[in-house]
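Data block below; observations after.
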Number of protein chains: 2
Amino acid sequence: MDTGAGRPGRATYRHGDLRRALLEAGVELARGGGPDAVVLREATRRVGVAPSAAYRHFADRRALLDEVCSAAQAALAVAIEDEMNTLPVGGDPVGSARAQLRAVGTGYLRFARDEPGLFRTAFSVSEDLRNAGSPARAGEGGLTPFQLLGSALDGLVEAGLLPRERRPGAEFLAWSAVHGLAMLLIDGPLRGLDNTRVRGVERRLLDMVDQGL
Amino acid sequence: MDTGAGRPGRATYRHGDLRRALLEAGVELARGGGPDAVVLREATRRVGVAPSAAYRHFADRRALLDEVCSAAQAALAVAIEDEMNTLPVGGDPVGSARAQLRAVGTGYLRFARDEPGLFRTAFSVSEDLRNAGSPARAGEGGLTPFQLLGSALDGLVEAGLLPRERRPGAEFLAWSAVHGLAMLLIDGPLRGLDNTRVRGVERRLLDMVDQGL
DNA sequence: TGTAGATGTGAACGTTGTACACAAATCTAT
DNA sequence: ATAGATTTGTGTACAACGTTCACATCTACA
């Protein structure tokens, strides 16, 4: 009777927490090689289970990948939150609002740089914007990356830095700029640019958003 | 002796132009389903040849994909050129310079919308920026997308719209914004946005670049 | 206790990329 | 023209992948 859900998962039959284990393995695979690297058989192999066992918990590879992708978005949210938490709390409201938005961008880019595999995975979703504000994609504060950006933009409006009539849709503009740079840096033709130059481009891009929004 | 290189490729042994045929099949696959869809066996199947025949012309699948990707970038360059050619030639230099840059962005986004598969393929390169200005990736004018953007920015400097000291690296900023929007529109969470809203976002994004560069 | 449902196994199928020995067409040099 | 040498396509084979299905086993509840 020593089988099964002992705590950390024994060796024999019932795993006890296969779903979570497969998901974690999938995240690790995604971290190392992006969405294409989350391979069903490899995940089961790492967990020590037969390939077909995965189908008890995920409809197919895509279903597993979707959940890995949610986890990656949550990790991105955490990275953004981390960056925002480094900001001093008080101070003047307008400077603070501007700094908040910048922090969103900086966190986003830092995550893309530190975790390129997870970053690429985060945006290989199969669904559209409808689920952009869903449970599993949030950070510790309960907000998804998209929502974090939205609230930073709201702050800009309240601080009088962004005319209220230009607020709707503004997340798409800011997001596009930062996301595009991230892609070009990790996947695209800017790959291999040295770090100081990268920092420079990042700063100037955030300036552009700041100024052109 | 009716075999072989009649002109358009007969049915028996020597194909005569297998390399180009495989490349074209690969482009068609990419058009339909992006980089993942360019499958070696399917390309050989469409050309009517054994799978292993491909290895006489391409080192491996990745080599074929790389060439398909170059073709996709050339197609992107043509789309941008098309957009630029719709512009009136004369007129005031500053307005014209600004319009040129806008045309680059518009053509870029139009290509992403019209040919999402090719667009995604165009940016799945394995190399970095070193080969961004290479032969096969150019349009009819002989310039790659990157170079077209660069020359538009040069025009901006000459028209006095962009301070010369901010010219270096400016392509990365403009490119990031437009590229990011393209990605979010076709692959990302903005997929499925209705057309009028898309146009609106596109216009505002180009405004942002215009103003924030 | 015994039966129903959940969960993991093993073998199997069709698909992919790739390697290798072989065969046919063309080229080159005598 | 004829005999190699070289190119180019064929056929077979292998490992890995996603997926399915019949079966075994564990758990829970009557």
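All heavy atoms count here, side chains included; hydrogens, waters and symmetry mates do not. All chains are named by letter (A, B, ...) in the order of the sequence lines, taking the proteins before the strands, and each is independently numbered beginning at 1.
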Could you walk me through whether A:His179 and A:Phe172 pass the ring-ring contact (aromatic ring centres under 6.0 Å, His included) test, one step at a time? CA-CA 10 Å; A:His179 185 75; A:Phe172 299 147; over 10 Å; no

Contact state string [nucleotides 12-17 of chain C, B base, S sugar-phosphate only, - no protein heavy atom under 4.0 Å]: ----BB

If the condition is side-chain hydrogen bond (donor to acceptor under 3.5 Å, both in side chains), which residues does [X] pass it with, not counting sequence neighbours?
| X | value |
| --- | --- |
| B:Thr196 | B:Asp194 |
| A:Arg166 | none |
| B:Glu24 | none |

Taking side-chain contact (heavy atoms from CB on, under 4.5 Å) as the criterion, tell me which of B:Leu148, B:Leu156, B:Leu87, B:Leu153 meets it with B:Gln100. B:Leu87

Is it the case that C:dG8 (base atoms only) and A:Ser52 (side chain only) share a donor and an acceptor within less than 3.5 Å, ignoring hydrogens and angles? no

Would B:Glu28 and B:Arg46 satisfy salt bridge (charged side-chain N to carboxylate O under 4.0 Å, His left out), going step by step from the backbone distance to the final call? CA-CA 10 Å; B:Glu28 233 41 49; B:Arg46 294 193 176 192; over 6 Å; no

Nearest to the side chain of B:Pro51, which nucleotide is it out of C:dT9, D:dG9, C:dT18? C:dT18

Determine to 10° how strongly the helix from C:dT1-D:dA30 to C:dT30-D:dA1 is bent, judged from the axes of its five-pair ends. 10°

Expressed in angstrom and rounded to an integer, what is the separation of [X] atom [atom1] from [N] atom [atom2]?
| X | N | atom1 | atom2 | result |
| --- | --- | --- | --- | --- |
| A:Leu18 | C:dT9 | CG | C1' | 12 Å |
| B:Phe58 | D:dT7 | CZ | P | 18 Å |
| A:Arg56 | D:dC26 | CZ | P | 15 Å |
| A:Leu65 | D:dT19 | CG | P | 11 Å |

Residue pairs, two or more places apart or on separate chains, that pass side chain to side chain donor-acceptor pair (under 3.5 Å) and touch residues 74-85 of chain A: A:Glu83-A:Arg110

Could you tell me whether A:Asp210 and A:Arg204 make a salt bridge, using a distance below 4.0 angstrom between a side-chain N and a carboxylate O? no

If you compare every side-chain N and O of B:His57 against the phosphate oxygens of D:dG9 (OP1, OP2), does one of them come in below 4.0 Å? yes

